[in-house]
Amino acid sequence: MSQECEHNCESCQEDCDERSFLAPMNAHSHVKKVIGIVSGKGGVGKSSITSLLTVLKQREGYKVAVLDGDITGPSIAKAFGVEGTQLYSNGQEIIPAQTAFGTKIISTNLLLDNPEEPVVWRGPILAGMVKQFWSDVLWGEIDYMFVDMPPGTGDVPLTVFQSLPIDGIVIVTSPQELVGMIVEKAVNMARKMNIPILGIVENMSYVECPSCGQKIYVFGKSHLNDIADKYDLKVLGKLPLDSELTKLSDLGMIEDYQADWLDELQEALKDI
Ligand code: ADP
């Protein structure tokens, strides 16, 4: 650190050990673990997995929150049934929306007059918004905060990575993606930032036949295990396509979702 250090890392060009872009947590909040959910591209189920991980931890009795960092495609508020909730401020901080089960949520959808309107902000504004969600929201005491990260591995997710004190990430893929390449990018990004990768989830892996229970691999054979071996990642789960999940997300009732395979996912999350 130089002797003239003004402790403003954002405008400083010096390459220094003390460099930090972390946005400050507001004085009245304490978040024990921050977990980022990332994906190589949109539409693979990143927000759905973020929601399910949150629901599973909430069912274990933890105090949980979701910071919806997917500013241009926010879907968390809708899945948890808080879309349209009027947000309040105590004059200094924003009070997050709260679900019937006590999950705290902040999302762009809650701040726009018309949630259907597309968000056409540039990168720095998107990243700044996520920082504000972290710093200006009165989160209170939280055991696990799940951050639905902006999709991809570009500038916006990178800035968010640098801004929040993320303890670990979960990578979400789907079998029809160019999985190897996309996972490699996400792994490289996390490793560059020194952020542990908690595991990888394959979403939409198969469909279960409602009559005989047979698994049908509609997108072909999964290559997840090979990729996980290659990058030394833990497979947290291979999740089915389930119309009930879509239905409950659309109805804002994801906290009511039940499925046999959730137990396996919950077991895999024990180490988190
Ligand atoms: P992303 O956050 O990666 O853009 P979403 O989680 O928003 O993706 O999912 C996109 C759509 O696919 C949503 O309508 C969601 O309900 C649906 N979906 C995601 N995962 C599943 C699944 N395993 N089974 C059924 N529908 C799913």
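The analysis underlying the following values was restricted to heavy atoms, covering all of them including side chains, and did not include hydrogens, waters or symmetry mates. Counting convention: from 1, in listed order, for ligands and their atoms alike.
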J.: For Asn203, counting its heavy atoms only, list the atoms of ligand 1 lying under 4.0 Å from any of them.
T.: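 Near Asn203, the atoms of ligand 1 are 19 (C), 20 (N), 21 (C), 22 (C), 23 (N).
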J.: Consider every N or O of Leu241 and every N or O of ligand 1, then say whether any pair is closer than 3.5 Å.
T.: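 Leu241 vs ligand 1: no N/O contact under 3.5 Å.
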J.: Side chains of Ser75 and Ser47: is there a donor and an acceptor less than 3.5 Å apart?
T.: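 Their side chains do contain a donor-acceptor pair, which is all the 3.5 Å distance test asks for.
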J.: Under 3.5 Å, is there a donor-acceptor pair between the Gln132 and Ser135 side chains?
T.: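 Not at all, the side chains of Gln132 and Ser135 share no donor-acceptor pair under 3.5 Å.
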J.: List every atom of ligand 1 that sits less than 4.0 Å from any heavy atom of Ser47, numbering the atoms from 1 in the order shown and giving each element.
T.: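 Listed by number with element, the hits are 1 (P), 2 (O), 6 (O), 7 (O).
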J.: Could you check whether any side-chain N or O of Lys192 sits under 3.5 Å from a backbone N or O of Val187, counting only pairs where one atom can act as donor and the other as acceptor?
T.: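 No, the answer is negative, given that no donor and acceptor are paired below the 3.5 Å cut-off.
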J.: Taking the six-membered ring of Tyr144 (Phe, Tyr or Trp), confirm whether the NZ or CZ of Lys57 is under 6.0 Å from its centre and within 45° of its axis.
T.: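 Because its charged atom sits under 6.0 Å from the ring centre and within 45° of the axis, Lys57 does stack over Tyr144.
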J.: Around atom 24 (N) of ligand 1, find the nearest protein heavy atom and jot down its residue, atom name and distance.
T.: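 It is Asp242 N, 2.9 Å.
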J.: Is Ser39 in contact with ligand 1, taking contact as a heavy-atom separation below 4.0 Å?
T.: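 Judged by the 4.0 Å heavy-atom criterion, Ser39 does not count as contacting ligand 1.
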J.: To check your reading of the model: name the closest protein heavy atom to atom 12 (O) of ligand 1, its residue, and the distance in Å.
T.: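 Residue, atom and distance for the closest contact: Met204 CE, 3.9 Å.
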J.: So which heavy atom in the protein is nearest atom 13 (C) of ligand 1, and how far is it from that ligand atom?
T.: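 For atom 13 (C) of ligand 1, the nearest protein heavy atom comes out as Ser48 OG, 4.7 Å.
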J.: Looking at Val64, Leu269, Asp263, which hits side chain to side chain contact (heavy atoms under 4.5 Å, CB included) with Leu56?
T.: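 Filter result, single survivor: Leu269.
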J.: Applying the 4.5 Å side-chain criterion to the ILVMFWY set and letting contacts propagate, would Ile142 and Ile95 be lumped into a single cluster?
T.: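 No: no chain of side-chain contacts under 4.5 Å links Ile142 to Ile95.
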J.: Quick one: look at Thr50 and ligand 1, take heavy-atom pairs under 4.0 Å, and tell me if it's side chain, backbone, both or neither.
T.: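 For Thr50, no heavy atom sits under 4.0 Å from ligand 1.
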J.: Is Leu245 in contact with ligand 1, taking contact as a heavy-atom separation below 4.0 Å?
T.: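 Yes.
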J.: What protein heavy atom lies closest to atom 4 (O) of ligand 1? Include the residue and the distance to one decimal.
T.: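 Checking every protein heavy atom, the shortest distance to atom 4 (O) of ligand 1 gives Gly43 N, 2.8 Å.
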J.: If we only consider heavy atoms of Pro240, is any one of them less than 4.0 Å away from an atom in ligand 1?
T.: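 Contact present.
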J.: Among all the protein's non-hydrogen atoms, which is closest to atom 26 (N) of ligand 1, and how far away is it?
T.: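 Looking at atom 26 (N) of ligand 1, the protein heavy atom closest to it is Thr246 OG1, 2.9 Å.
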J.: Are Lys63 and Asp143 ion-paired here, with the side-chain N under 4.0 Å from a carboxylate O?
T.: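 Salt bridge absent between Lys63 and Asp143.
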J.: Checking the N or O distance criterion of under 3.5 Å, is ligand 1 in contact with Lys46?
T.: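 The answer is yes, given that Lys46 and ligand 1 share an N or O pair closer than 3.5 Å.
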J.: Quick test: of every protein heavy atom, which one is nearest to atom 8 (O) of ligand 1, and how far off is it to 0.1 Å?
T.: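 Here the nearest protein heavy atom works out to Gly45 N, 3.1 Å.
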J.: Between the side chains of Lys46 and Asp70, is the shortest nitrogen-to-carboxylate-oxygen separation below 4.0 Å, so that they form an ion pair?
T.: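 Yes.
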J.: Which heavy atom of Tyr62 sits nearest to which heavy atom of Glu60, and what is that distance?
T.: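 Looking at all heavy atoms of both residues, the closest pair is CE1-OE1, 3.3 Å.
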